[in-house]
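Everything on this sheet refers to the single structure shown next.
For this chain, numbers begin at 1 and follow the sequence in order.
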Amino acid sequence: MTRVNIAREDRLRAVDLAATVGISVQQVRNYVELGVLPPVRRTASGYRIFTTEHARALTVARRLAEGHGWSRTREIMAAVHGGDLPAALAALDGGHAELDRERAEIRRVLGAFETVLASSPPARPTPRRGVRIGAVATLLGVRTSQLRLWEERDLLRPGRTPGTNYRVYDEAELRAAQVIALLRRGAYPFEIIEAVLGELRSAGSAQRVRAELARREQELHVRSLRRLRGSAALHDYLRVRGEAD
């Protein structure tokens, strides 16, 4: 570590720096080791000191962590302090891209779900003992091999008859098979179908599915704003360091 003389008014004790964000002195030292904070300079006599630069970095790191999480924050700040700005920006972009993918996924699931509501026929009453696979295939206009494939993908979970072990579909599984057939005809990928079925099985009603998806979308907006604030804080930090041009 470089030993330099630093103006006393620019110096900060580790305990004071830690207190600004409510962490321990040991955490401050850990952040230095991880690159979250700039390298620590020392006085001519060898004492470790901190400056307002470290205070700024710590504030930025905390703001980044609120939106991007500590793992990505460590990666970003370490790259900045290691002189690798492209790597820092790539990590930052990756965080925003994740939210974009999540938002697109919610919209695809919601679109598929609305397709189900608008196009699928009402569920038919099923016999008490359930419906055999051949009858389900005939009802849906698909081959029994397709039903078995959907079962292999854990999209369908038919029961089995004692002794013969024949597949039987109760009302819930028949409804699930109808949903799968409908969405496959609409060229929806299996990942979206799995998500739709998961929502229907966990929520149990159309209204609850809509409400859950709306809640997730709102939570995504909040996370997006937090990441934006973190990115803005990083930009200000880079500008002060002369690296934002």
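- For the pair R153 and F190, the distance from NZ or CZ to the six-membered ring centre is under 6.0 Å and the angle to the ring normal is within 45 degrees.
- The 12-atom threshold is exceeded at NE2 of H221, counting heavy atoms of other residues, nucleotides or ligands nearer than 6.0 Å.
- Proximity of M77 to L37: side-chain heavy atoms (C-beta onward) are nowhere separated by under 4.5 Å.
- Put simply, the side chain of H54 does not reach to within 4.5 Å of the side chain of L12, judged on heavy atoms.
- Considering only heavy atoms from C-beta on, R226 comes within 4.5 Å of V222 through its side chain.
- Listed for the Q218 side chain is no donor-acceptor partner under 3.5 Å among the backbone atoms of R215.
- With rounding to the nearest 0.5 Å, the separation of CZ in R175 from CG in L197 is 10.0 Å.
- Note: I192 CD1 to R107 CZ = 13.5 Å, rounded to the nearest 0.5 Å.
- Summarising the geometry of L156 relative to A177, their closest heavy-atom pair is CD2-N, 3.5 Å, with the distance given to 0.1 Å.
- Between R41 and E53 there is a side-chain heavy-atom pair separated by less than 4.5 Å.
- How far CZ of R11 is from OG1 of T51: 11.0 Å, rounded to the nearest 0.5 Å.
- Of all heavy-atom pairs between A195 and V109, the closest is CB-CG2, 3.6 Å.
- Residues L17 and V25 do not share a hydrophobic cluster, defined by chaining ILVMFWY side chains whose heavy atoms lie under 4.5 Å apart.
- A salt bridge is absent between R157 and E152; no separation between the charged side-chain nitrogens and carboxylate oxygens falls under 4.0 Å.
- Nearest heavy atoms, G230 versus L64: O-CD2, 3.3 Å.
- Cluster annotation: V196 is not connected to I106 through the hydrophobic network of ILVMFWY side chains, with a link wherever side-chain heavy atoms come within less than 4.5 Å.
- Smallest separation of non-hydrogen atoms from V36 and A61: CG1-CB, 3.6 Å.
- In this structure, L155 is a member of the same hydrophobic cluster as L140, with clusters built from ILVMFWY side-chain heavy atoms closer than 4.5 Å.
- Within the 4.5 Å cutoff, side-chain heavy atoms of R13 are placed close to those of D16.
- Taking the centre and axis of the six-membered ring of Y188, the NZ or CZ atom of R108 falls outside the cone set by 45° and 6.0 Å.
- Remark: the backbone N or O of I133 is not paired with any side-chain donor or acceptor of R167 at under 3.5 angstrom.
- When hydrophobic clusters are built by joining Ile, Leu, Val, Met, Phe, Trp and Tyr residues whose side-chain heavy atoms come closer than 4.5 Å, directly or via intermediates, L225 is not grouped with V60.
- Considering CG of D170 and CG of L174, their distance stands at 8.5 Å, rounded to 0.5 Å.
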If you apply the rule salt bridge (charged side-chain N to carboxylate O under 4.0 Å, His left out), what do you find for E66 with R63, and how did you get there?
CA-CA 5 Å; E66 289 174 2; R63 181 56 60 87; 3.5 Å; yes
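- Listed for the S24 side chain is a donor-acceptor partner under 3.5 Å among the backbone atoms of Q27.
- Taking the side chain as every heavy atom from C-beta outward, E173 and V136 never approach each other to under 4.5 Å.
- Under the 4.5 Å side-chain heavy-atom criterion for grouping Ile, Leu, Val, Met, Phe, Trp and Tyr, L139 is connected to L183 within one hydrophobic cluster.
- Looking at E102 and R223, a side-chain N of the basic residue comes within less than 4.0 Å of a carboxylate O on the acidic one, giving a salt bridge.
- What you find for V28 and A14 is that their closest heavy atoms are CG2-O, 4.4 Å.
- Taking the six-membered ring where the residue is Trp, the centroids of H81 and Y31 are separated by 6.0 Å or more.
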Stepwise, does the side chain to side chain contact (heavy atoms under 4.5 Å, CB included) test hold for D236 with R239?
CA-CA 5 Å; D236 288 342; R239 180 175 52 79; 3.9 Å; yes
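- With T161 contributing its side chain and Y166 its backbone, the two residues share a donor-acceptor pair below 3.5 Å.
- Residues W70 and A65 share a closest heavy-atom pair of CE2-CB, 3.5 Å.
- Between Y237 and R56 there is a side-chain heavy-atom pair separated by less than 4.5 Å.
- Under the 4.5 Å side-chain criterion, counting only non-hydrogen atoms from C-beta, R184 is in contact with I193.
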Return all side-chain donor-acceptor pairs below 3.5 angstrom for residues 83-100, not counting sequence neighbours, or 'none' if the list is empty.
residue, atom, partner, partner atom, Å
D84, OD1, A87, N, 3.3
H96, NE2, S231, OG, 2.7
E98, OE2, R72, NH2, 3.0

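- Here NE2 of H68 is found 7.0 Å from OG1 of T73. Values are rounded to the nearest 0.5 Å.
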